[in-house]
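The residues of the chain are indexed from 1 along the displayed sequence. Numbering of ligands and ligand atoms starts at 1, following listing order.
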Amino acid sequence: MTDQTNRRDLFKGAAVAGAAVAAGPAFAQATAAPALTDPQSKYTSQPFPEQRQKWPALQREMKPVPDSGEASYRGSGRLAGRKALVTGGDSGIGRAAVIAFAREGADVAINYYPSEEPDAQDVARLLRGEGRKVVLIPGDLTDEKFCRDLVVRANRELGGLDILVNNAAYQQSKASIAEITAEQFDRTMKTNVYAMFHICKAAIPLMKPGSAIINTGSVNSVNPGEELLDYATTKGAILIFTKGLAKQLGKQGIRVNMVAPGPIWTPLQVAGGQLPGKMGEFGQDTPLGRAGQPAELAGLYVALAEGGNSFTTGSAFGANGGTGAI
Ligand code: NAD
Ligand code: MG
């Protein structure tokens with residue numbers, strides 16, 4: 001099964017995806033309104049097959065392959081000329097933001113862990129084929145110096161920086177605090193919290209009034225999963241960091257907001273994000289009866305990046321299928 005066929009199978013409204021594939025890149029700029037779609041049946045509600053990949057896992061090897069909007073996201077120039085840096089932009093939710101930003105007219109720099117090169121190349125090939133500039137900057141975000149270098153490089157190669165998305169994260173499920181090693185705790189903090197701090201600190205002096213910072217939090221920011229103690233602690237920190245930084249940066253005209261996803265089908269989940277044997281339950285208990293797909297969050301990132309929502313800062317926006325968190 002090809003990636004494309006696999007992805008298409010995710011859609012129950014196969015006609016929508018089929019039209020997207022048939023139309024090719026021009027679809028990204030189409031103006032016709034999409035058909036009214038029932039969110040319950042827009043994507044598969046079948047339990048996902050049990051699977052495990054070595055961390056950090058590749059999107060292209062998941063079954064089914066997640067939908068980051070490759071064939072469906074339509075742009076309309078909402079971010080024309082903007083320069084965006086997205087961490088974890090190779091896959092999952094970050095990839096959905098990258099595709100949406102690019103199709104809205106932004107140039108994009110993507111950071112990812114070096115072993116994710118195949119996923120990063122997939123998204124770069126797609127968007128460069130549509131005429132966008134895509135800068136790939138692999139490197140380990142647990143390294144403070146790399147975080148600073150990442151910002152400098154993105155700013156230099158894009159010719160500026162006005163959208164920053166701190167989206168990368170480390171998540172390993174453990175049933176008990178007794179199973180969380182000091183090393184895991186440290187790595188989760190460094191990836192999810194310290195990197196956001198180092199990157200923001202380096203980026204803010206480069207950002208002009210009107211720029212936007214978007215952090216990816218979680219339903220765990222307010223309602224911790226019991227098997228995600230260390231991860232949920234970082235997601236709570238991201239919510240408070242977002243609100244606090246927004247207060248500081250108001251005077252500079254920089255807005256800071258957070259997206260809080262619920263269960264979304266991404267590589268993070270098959271690289272240790274779920275307890276063994278639990279893949280089939282993933283997302284099944286949401287009011288919409290299924291897990292979300294990364295593409296379903298793209299619009300939130302675009303809305304928080306663009307100038308139209310100019311009075312929105314220090315806020316968190318959920319995409320969780322109705323679980324009642326944020
Ligand atoms: P993902 O695996 O596609 O993205 C996570 C990315 O983090 C990886 O692609 C990787 O590039 C990056 N990363 C991790 N450690 C790194 C390191 N040391 N150096 C460089 N990059 C590193 O999974 P995703 O679910 O799309 O995750 C994106 C964000 O969404 C994360 O912040 C995650 O916490 C959040 N989130 C996801 C879900 C979900 O159900 N998938 C739910 C709530 C929140
Ligand atoms: Mg990845």
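Not a single heavy atom of Phe146 sits less than 4.0 Å from an atom of ligand 1. Under the 4.0 angstrom criterion for non-hydrogen atoms, Gly273 is not in contact with ligand 1. Within the structure, the closest approach of Tyr170 to ligand 1 does not fall below 4.0 Å when heavy atoms are considered. Using a 4.0 Å heavy-atom cutoff, Gly139 is listed among the residues neighbouring ligand 1.
When the heavy atoms of Gly262, Pro56, Gly217, Ala169 are ranked by distance to atom 14 (C) of ligand 1, first place goes to Ala169.
Within the 4.0 Å heavy-atom criterion, neither part of Val219 lies near ligand 1. Counting heavy atoms closer than 4.0 Å to ligand 1, residue Pro263 contributes backbone atoms (N, CA, C, O) but none from C-beta onward.
Remark: ligand 1 and Gln171 share no N or O pair separated by less than 3.5 Å (distance only, no angle test). Geometrically, ligand 1 and Arg187 share no nitrogen or oxygen pair separated by less than 3.5 Å. At least one N or O atom of Lys235, backbone or side chain, sits closer than 3.5 Å to an N or O atom of ligand 1. Not one N or O of Trp265 is nearer than 3.5 Å to an N or O of ligand 1, by distance alone.
There is a side-chain donor-acceptor pair under 3.5 Å between Tyr73 and Glu104.
Figure legend: cation-pi geometry between Arg187 and Tyr170, with NZ or CZ positioned under 6.0 Å from the six-membered ring centre and within 45° of its axis.
Taking all atoms of both residues into account, the shortest heavy-atom contact from Leu136 to Glu117 is CD1-OE2, 4.2 Å.
The atom of Asp90 nearest to the Mg ion (ligand 2) is OD2, with the search restricted to N, O or S atoms.
Using a 4.5 Å cut-off on side-chain heavy atoms (C-beta onward), Asp230 and Gln184 make contact.
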